[in-house]
Amino acid sequence: MKIFLRCMMILVSIISLQVNAAKPQLDVQVTVERMENSNVNATLTITNNGNGQQKILGWYTDLEEEHIFKVMRDGVEVDFFGRHYKRQAPVEKDFIKLKSGESLSKTFELTSLYDMNEAGNYEVTYNVTSFNLFNNKGQQKKVEKLQSNAAYIYLDGFESKGATANKGKPGGGASGCTSGTCFTGRCSAGQKTDLISALAAANQIANGSVAYLNSHSANNVSARYNTWFGNVTSARYNTATSHFNAINDTIDTKPITFDCSCKKSYFAYVYPDQPYKVYMCKAFWSANELGTDSRAGTIIHELSHFTAVAGTDDVVYGQSGAQSLANSDPDQALNNADSHEYFAENTPNQN
């Protein structure tokens with residue numbers, strides 16, 4: 001009996017250590033300061049208060065890479081004007097490692113990427129959510145969150161002074177339009193041909209997605225829906241249907257512009273409040289036209305980000321992560337751009 005109890009105590013201790021290991025002891029602090037030139041700087045400090053090394057996905061420590069701050073004006077969240085990327089699933093080199101007691105501190109200017117032009121009381125918090133926030137080994141089974149204290153600042157506002165909002169969006173008019181599709185960023189003739197073909201392929205898989213959703217219902221779904229969006233309810237099914245109807249309508253009727261100037265290793269990015277312009281990056285050009293992480297699927301992914309379409313976010317990247325997200329958090333799956341892409345690509349094929 002004593003041996004049995006001792007074994008049980010050891011087992012409980014092991015489980016306790018595993019649970020504690022799954023909950024990083026990270027302290028996150030944010031301060032805000034208005035500068036003499038009226039810019040607003042936010043300083044983010046992340047400290048590892050645990051006993052061992054802690055990893056955090058580096059994208060979520062860079063405002064140019066991710067929407068890492070939640071900014072409220074008088075209790076209402078303001079618009080974010082930054083980029084939403086389609087990336088490959090994270091690998092080891094994408095993580096920042098903090099030793100026990102080590103801190104990471106960065107300062108960001110906020111007014112170029114957030115709508116802070118009106119007078120009011122502003123609240124700024126670091127607020128991120130990701131399936132891969134703390135590791136890329138597939139061990140976690142749910143979305144992880146990291147949040148800071150709230151920092152407050154009162155701003156007089158710029159609109160009353162006649163200033164124009166800087167929304168951080170590049171300019172440049174479209175050129176070389178073909179059948180309603182336009183191009184910027186010095187697209188070559190070959191790139192334009194590839195993009196027209198990829199858009200037609202995106203239209204094909206968007207039509208297929210709409211056809212599936214119209215031929216099924218919340219009471220009659222198959223593995224295809226469950227794999228990418230998880231447990232179905234009437235409300236969730238209606239959301240999926242609404243999203244794909246909007247994506248399909250965008251391809252059919254909206255003036256889409258492709259920009260070829262991006263030199264990053266990612267697939268593509270958009271500014272969610274700047275429909276319907278998609279910036280194509282390096283991984284797009286080496287992708288297949290159809291299949292997993294394809295050119296057609298990339299277009300579906302990016303169009304879903306626009307607030308005028310489906311307003312999706314990037315909770316997780318990659319097929320395995322998207323499948324785990326569907327199992328653990330179906331509502332977040334319906335907010336995840338890659339989940340929409342993989343549903344549309346339907347590779348491997350599921351009825």
Side-chain angles (χ1 to χ4, degrees), residues 23-50 54-85 94-134 142-161 163-169 269 271-273 305 307 311 313-315 332 335:
K23 295 181 179 179
Q25 294 177 294
L26 295 174
D27 177 70
V28 188
Q29 296 293 320
V30 168
T31 60
V32 291
E33 179 183 10
R34 182 168 181 171
M35 312 305 290
E36 291 183 1
N37 60 2
S38 295
N39 286 350
V40 176
N41 284 356
T43 298
L44 167 69
T45 303
I46 302 176
T47 303
N48 179 11
N49 287 333
Q54 178 61 55
K55 296 193 301 183
I56 181 171
L57 188 52
W59 306 333
Y60 294 97
T61 64
D62 190 342
L63 187 55
E64 293 295 332
E65 294 285 337
E66 287 287 342
H67 179 192
I68 63 176
F69 293 108
K70 182 177 182 180
V71 180
M72 310 276 286
R73 179 178 58 242
D74 297 325
V76 179
E77 187 169 1
V78 305
D79 289 333
F80 172 70
F81 302 123
R83 300 171 178 180
H84 275 39
Y85 290 99
D94 295 316
F95 288 81
I96 293 172
K97 299 176 179 64
L98 294 177
K99 298 177 182 178
S100 178
E102 185 178 6
S103 294
L104 169 73
S105 186
K106 291 186 176 182
T107 298
F108 306 94
E109 202 288 309
L110 298 183
T111 61
S112 61
L113 289 174
Y114 291 89
D115 184 3
M116 304 179 74
N117 296 290
E118 295 183 19
N121 293 296
Y122 286 81
E123 176 185 322
V124 179
T125 57
Y126 173 85
N127 192 312
V128 299
T129 302
S130 174
F131 197 83
N132 299 106
L133 188 57
F134 302 123
K142 63 180 181 179
V143 173
E144 300 286 358
K145 298 181 180 180
L146 195 58
Q147 189 170 348
S148 74
N149 62 298
Y152 300 91
I153 189 170
Y154 178 81
L155 299 179
D156 297 327
F158 298 105
E159 289 184 345
S160 61
K161 300 177 183 178
T164 302
N166 174 17
K167 296 188 176 182
K169 297 181 292 188
Y269 70 87
Y271 294 93
D273 69 318
H305 277 319
T307 53
D313 207 338
D314 292 309
V315 182
Q332 283 290 348
N335 185 42

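Quick note: numbers below take in every heavy atom, side chains included, and nothing from hydrogens, waters or symmetry partners.
N48 places a side-chain heavy atom less than 4.5 Å from the side chain of L26. For the pair K145/L133, no side-chain contact is recorded, criterion being any heavy-atom separation below 4.5 Å from C-beta on. Side chains of H84 and D313 form a contact here, defined as non-hydrogen atoms less than 4.5 Å apart. Two residues are said to be in side-chain contact when any heavy atoms from C-beta on lie closer than 4.5 Å; V32 and Y122 fail this criterion. Residues R73 and M116 have side chains not in contact (no heavy-atom distance under 4.5 Å, counting atoms from C-beta outward).
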Pair K70-E77, side chain to side chain contact (heavy atoms under 4.5 Å, CB included): steps then yes or no = CA-CA 7 Å; K70 182 177 182 180; E77 187 169 1; 3.7 Å; yes
request  = Take M35 and T111 through the side chain to side chain contact (heavy atoms under 4.5 Å, CB included) test and state the conclusion after the steps.
outcome  = CA-CA 11 Å; M35 312 305 290; T111 61; over 6 Å; no
request  = Could you walk me through whether I46 and Y126 pass side chain to side chain contact (heavy atoms under 4.5 Å, CB included), step by step?
outcome  = CA-CA 10 Å; I46 302 176; Y126 173 85; 4.2 Å; yes
request  = Give the C-alpha distance, both sets of side-chain angles, the deciding distance and a yes or no for side-chain hydrogen bond (donor to acceptor under 3.5 Å, both in side chains) between T125 and S148.
outcome  = CA-CA 6 Å; T125 57; S148 74; 5.3 Å; no
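In plain terms, the two heavy atoms of V30 and N149 that are nearest each other are N-OD1, 2.8 Å. Nearest heavy atom pair, residue D314 against residue Y60, reads O-OH, 3.5 Å. Across all non-hydrogen atoms, the minimal contact from E65 to W59 is CB-O, 3.7 Å. The minimum heavy-atom distance linking D273 with F81 is given by the pair OD2-CD2, 3.0 Å. Nearest approach of L44 to F69, heavy atoms of both residues: CB-CZ, 4.3 Å. Of all the heavy atoms in T45 and S105, the pair that sits closest is OG1-OG, 3.3 Å.
Judged purely by atom type and a 3.5 angstrom limit, E109 uses its side chain to pair as donor or acceptor with the backbone of V40. No donor-acceptor pair under 3.5 Å is formed between the side chain of K106 and the backbone N or O of D62. The backbone N or O of G50 lies less than 3.5 Å from a partner atom in the side chain of S100, making a donor-acceptor pair. The backbone N or O of N121 lies less than 3.5 Å from a partner atom in the side chain of D74, making a donor-acceptor pair. Panel note: side chain Y269, backbone G82; no donor-acceptor pair is recorded below 3.5 Å.
Taking CG from N39 and OG from S112, the interatomic distance works out to 7.5 Å, rounded to the nearest 0.5 Å. Rounding to the nearest 0.5 Å gives a distance of 13.0 Å between CD1 of I153 and CD of E123.
Each of I56, T61, V28, L146 was checked for a side chain to side chain contact (heavy atoms under 4.5 Å, CB included) with V128, and the lone residue meeting it is L146.
Shown here are the ring-ring contact (aromatic ring centres under 6.0 Å, His included) partners of H67, two or more places apart in sequence or in another chain: F80, Y114. Not counting sequence neighbours, the partners of Q147 by the side chain to side chain contact (heavy atoms under 4.5 Å, CB included) test are N127.
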